[in-house]
Every structure is written in structure tokens, then in C-alpha cells.
Chemist: 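Handing you this structure, nothing more for now.
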Amino acid sequence: MSDPIAAGRPGAASGRAGAAHLDEQPRPGRWLALSVLVLAVLLVGVDATVLGLATPFLSEDLRPSGTQLLWIGDVYSFVIAGLLVSMGSLGDRVGRKKLLLIGSVAFGALSVFAAYATSPSMMIVARALQGVAGATLMPSTLALIRNLFHDPKERSLAIGIWGAMAAAGTAVGPVLGGFLLGHFWWGSVFLINLPVMALLVVVGAKVIPESRNPAPGPWDVPSVLLSLVGMVGVVYAVKEAAVHGLRWDIGPAAVIGLLALLLFVRRQLTLDAPLLNMKLFQHRGFSGAVLADLLTILGMSGLVFFLSQFLQMVQMRSPLNAGLVELPAAIGAVGAGLAAGWVARRLSVRLVVAGGLAVVGLSLAGCMALHADTGTFALCTLLFVVGIGAGFAFTVTADVILSSVPKEEAGAASAVSETAYELGAALGIALLGSIVTSIYQGFATPAGVPEPAADAARSSLGGAVETVGHLPADQGATLLKAAQDSFVSGVDTAAGIGAVVLLGAAVAAWFLLRGQSLADSAEPEPAADPEAAPMAGSGTTRHP
């Protein structure tokens, strides 16, 4: 079905310049296909937020140590960061739809494994395997959007909807998770993945068109292994050094990881069909958008990870109430994401991205004043503003990244974007989370508290909440107050560091995204070599 509006657009004549662009006609059923694709995004958003809500209940049942709790929170990000590029490239080769459906089935099955975990180690393994399956989802959805929507304005709206559904997942997760945690055991928050995955697979098999690189070349297994070893080695070294200080294994892990990444880059530059085209990073808009995503998530993730614990174990809210308090962030992100493409075309890409990051940074600075008595209105206002800034920034950077590459490489490019996101989350939780943990563990226990009880209380805030139930009322109340105050001090410090990172990201985005704009009409595909004149066909155009 042709689109008469697209046919009459000023850029339509150039779109008909060659027979190679016959496939650029609007695809019938593309909006229905999009509605199914975003189910995967919704699922990922729900899965990320319900884990935070379930943490206090999980801690009480499985009794993880503070370090194990951090691993439960970030091992998913470690694994997915190491595999995203490989899975994105695999989708370009074997078919993005096929990989998405296989990954969806696996993710659902592993959700059952996580729901019935009986030990911290089992939960860590379950989350790691979910990371393997999850690595197939996000790059596939973005790459399919790149191939479904050839008109830049339609693509911007589609990406906005994609981002809005990711934000909606963060809204639905806490509310639905809060309801489930109020009525069922903590494992139920993972089982909500099953109906969503079933709908995605059954309907998606019928309405999503397959797409792949027509001349992909072989999938280079050594590159896959180098990418995985490199990312996991580097992130492991950062995390363990932050949590435990310098140990004998930290240096070797860092060296092995960095060496593997160096060999990965060198190998990509020599392969005829690389897993990741490193020349993409020569495009300043692509590199700037990727860096902005990484720094933004790094700055926000530590606070986000501990927010649910703050609401439930410091302010003593119910899980459902905590979920409702977090809802304004998702509402702000949904609205901003849907409007981001329109606003960026009327202002500028760098103004919208840098401005959004600055707004998030200033909001995080406001979070430095959080305390046990902070009111609901103040919390909701801060989170709403964070959501608006993040919604604008993430939607526009995703648009820039997808528009900067040929559609044949959309899977690998989408994977780079998601790798930045997941790596930022892993590093943020590791670094900022470790700061919160180290500050928290420094609180003084009241006199007379047995040493085993004091050690349990210092292991995590969840441990302190459980410990006070076994102490005399006055002594337990004093211990809990000391633990809560120390935890809040750690969160405030993490918020301040996050604010500095976000404001730095805003400055970097302002310079790196200079001259970038979103195209208004379909153009030829970008040249593979960014030095080719003058980035012809990029959906992102340069101004003199």
C-alpha cells in the first residue's frame, strides 16, 4: 500500500532516483508489526524494575550477602553487555525476526527458572542466562524498526513509541510487581513475563516481516569470544575493585579484558565481513550518541537500583505504594519520548539531548536532599522531571544511531546502542552501588547488639530490617534507625556523583552532536565509509 503523502513529499523525487530504492516504499502493516515489537521492550522494562521491588523479599528468603545482592542486580547487565554486539550481528545474518522469536521463548523459560530459584547462586545463574536470551531482544526490535520505517519522520515516531513502551514497562513493573508482592511470593514477579512472551511469539510470527543483511558474510566466532571475554573481564575488574579493593585477581582480569577488546577491534578492521563495522565510530553523531547513552545510564543506575530499597526499607512503604511513587518517572519519559522527534526537528538534536541530560543531572542533584521524611509530592516531582529529561535524550540518541548506518547494519548498530546502555547500567551499579554499600557498612551499632546480629545488619539494609525482628524493641529500633540513616547517606552521595556524571554527559553531547539534525524525508543510504562525500544519505545530516 503506497502512502500518497510520502509520494508528494519534496524528497520523493530523489527517492525515485534509482531502482535500488524500490524497497524504500512504505511497508503495509508496519504499525501493526511495531505494536508487537514493542511487547519485547515492554517486557525488558518490566523485568528490570520488578527486580528492584522484589529485592527486600528476595533478600529475606534467599539471604544473599551484600556482594551476592549486587551480583543478582548486575550480572544480567554484565552478560548482556558482552553479547549484544554478537547477537545484533547474528540477527543481521540469520534474520532479526527469527532471532527475536527464539530469544523470546528462551527468555520466558528462564523467567520460570529465576522465579523458582532456591539460593543466591541459583538466582545469579538464572539472571546470567536471562542476559544471554535478553541480548537477542533489544537489538532485534530496533533493527526491525529501522527496516520497517524508511521515512525519517515515521521512523522518529516509531522510535518514540519504542522508547515510550520501554518507559511504560518501568511504570507497569513497579505497580504490577507491587500488587503481586502484596499477594504472592517474590518469584511471581518473573512469571508475569510469560503471557507477554506468549503473545509476542504467537502474533509476531504472523505480522513481523523477516529482514537480514542480503550479503552478510560469515559469523566470526573468534570475534564473538573476544567481545564476550573483553566486556566481562573489564566490567568484572571494575566491579570487584570497587567492592573489595585491589585483589590478586583484579589486575589479570582487567588486562585480559582490555587485551581481548583490543584484539577484537583489530580483528574487525581486518575482516571482510566484520562482526561490527568499526568505521561507524568515525561518524561523530554516532559516537556522540553512544557516549551520551553510556554516561547517562552510568550516572542514573546506582540511584535507580537503590530507589526501591529506599522507598520500602527506609520510608517503609508497601511495594504497591513504592511502585506508584516511581510511576511519574515513566509518565514523563513516555510523553517526552513521543514528542522528542518533533522537538528535535524544530530546535536541534544537540539542544534536545544536552538539555535533557542537564535536566536529569540537576534532578539528581536535587536527590542529594533525600531523607526518610521526604514527602511523596517532592519525590514524584523529582522523578517526573528525571523521566522527561531521559525521555528526550534517549529517544533522540536512538534516532541518531539508527539513522547514521545502512539498514543492512542496523542490528549491529542497535547492539552498540544497547551495549552502551547495559554497560553503563553495570558500571553504574558496580561503582555507585559499591559507594552506597561502603558508606552503609560504616554505621555504628548500638551497644549490646550481638556481633552476629551486627554483622547481618551491616551486610545489607534488608539484613538490618530482618535482624531487628530478633532484638528487643528499643535496641532494634535504634539499630534500624542507624542503618537507615547510613543507607540514605550513601544514596545521597551516589546521587551527587550521578549528577556530576550527567552534567558532564550534557557538555560532551553539546560538542559531539554539533551540526547533527534529523532528516525530514527519505534519503539514500549512508556511505559505508564516513569519509565519503558528504555522508550521503544519512538520516542524520550535517550542517556546515
Chemist: Between Gln312 and Val465, does a side-chain contact (heavy atoms from CB on, under 4.5 Å) hold up when you go through it step by step?
Modeler: CA-CA 10 Å; Gln312 293 181 73; Val465 172; over 6 Å; no
Chemist: With sequence neighbours left out, what residues match Thr381 under side chain to side chain contact (heavy atoms under 4.5 Å, CB included)?
Modeler: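 Testing Thr381 for side chain to side chain contact (heavy atoms under 4.5 Å, CB included), a comparison that skips the adjacent residues, returns Phe377.
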Chemist: Could you give the distance from CG (Leu298) to CG (Leu432), rounded to the nearest 0.5 Å?
Modeler: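 That separation rounds to 6.0 Å.
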Chemist: So, taking the atom named CG in Leu62 and the one named OG in Ser121, what distance separates them when rounded to the nearest 0.5 Å?
Modeler: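 Leu62 CG to Ser121 OG: 10.0 Å, rounded to 0.5 Å.
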Chemist: Do the non-hydrogen side-chain atoms of Val325 and Asn321 ever get within less than 4.5 Å of each other?
Modeler: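 They are in contact (side-chain heavy atoms under 4.5 Å apart), so the answer is yes.
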Chemist: Could you go step by step and tell me if Leu191 and Tyr116 meet the side-chain contact (heavy atoms from CB on, under 4.5 Å) rule?
Modeler: CA-CA 10 Å; Leu191 298 182; Tyr116 291 97; 4.1 Å; yes
Chemist: Which distance, rounded to the nearest 0.5 Å, do you find between the OG1 of Thr374 and the CG of Leu379?
Modeler: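 Going from the OG1 atom of Thr374 to the CG atom of Leu379 covers 5.5 Å.
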Chemist: Calculate, to the nearest 0.5 Å, the distance between atoms CD and CD belonging to Gln484 and Gln315 respectively.
Modeler: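 If we round to the nearest 0.5 Å, Gln484:CD and Gln315:CD are 10.0 Å apart.
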Chemist: Checking side-chain contact (heavy atoms from CB on, under 4.5 Å) for the pair Cys367/Leu382: CA distance, chi angles, key distance, verdict?
Modeler: CA-CA 7 Å; Cys367 290; Leu382 278 172; 4.0 Å; yes
Chemist: Of all heavy-atom pairs between Leu200 and Val36, which one has the smallest distance, and what is that distance?
Modeler: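 Minimum heavy-atom separation between Leu200 and Val36: O-CG1, 3.9 Å.
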Chemist: With a 4.5 Å heavy-atom cut-off, do Phe190 and Gln130 have their side chains touching?
Modeler: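 When only atoms from C-beta onward are counted, Gln130 and Phe190 do touch, with a gap below 4.5 Å.
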Chemist: Does the side chain of Val360 reach to within under 4.5 Å of the side chain of Phe392, using non-hydrogen atoms?
Modeler: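 Of all side-chain heavy-atom pairs linking Phe392 with Val360, none is under 4.5 Å.
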Chemist: May I ask you to test the Leu357-Trp510 pair for a side-chain heavy-atom distance under 4.5 Å?
Modeler: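 In short, these two side chains do not touch, never coming nearer than 4.5 Å.
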Chemist: Checking Leu512 against Leu291 for the side-chain contact (heavy atoms from CB on, under 4.5 Å) test, could you report, in this order, the C-alpha distance in whole Å, the side-chain angles of both residues, the deciding distance, and whether it holds?
Modeler: CA-CA 9 Å; Leu512 290 173; Leu291 179 63; 3.7 Å; yes
Chemist: Nearest 0.5 Å, please: how far is CG in Leu129 from CD1 in Ile124?
Modeler: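 Answer rounded to 0.5 Å: 12.0 Å.
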Chemist: Side chains of Val488 and Val314: does their closest heavy-atom pair fall under 4.5 Å?
Modeler: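 Val488 vs Val314: side chains touch.
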Chemist: Any heavy-atom pair between the side chains of Leu100 and Leu37 that's under 4.5 Å?
Modeler: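 Yes, at least one pair of side-chain atoms sits under 4.5 Å.
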Chemist: Side chains of Ile401 and Asp293, heavy atoms from C-beta outward: is any pair under 4.5 Å?
Modeler: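 SC-SC contact between Ile401 and Asp293 confirmed.
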Chemist: Quick one: OG on Ser111 to CG on Leu194, what's the gap to the nearest 0.5 Å?
Modeler: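 Reported to 0.5 Å precision, the distance equals 6.0 Å.
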Chemist: Does the side chain of Phe113 reach to within under 4.5 Å of the side chain of Val125, using non-hydrogen atoms?
Modeler: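 In contact.
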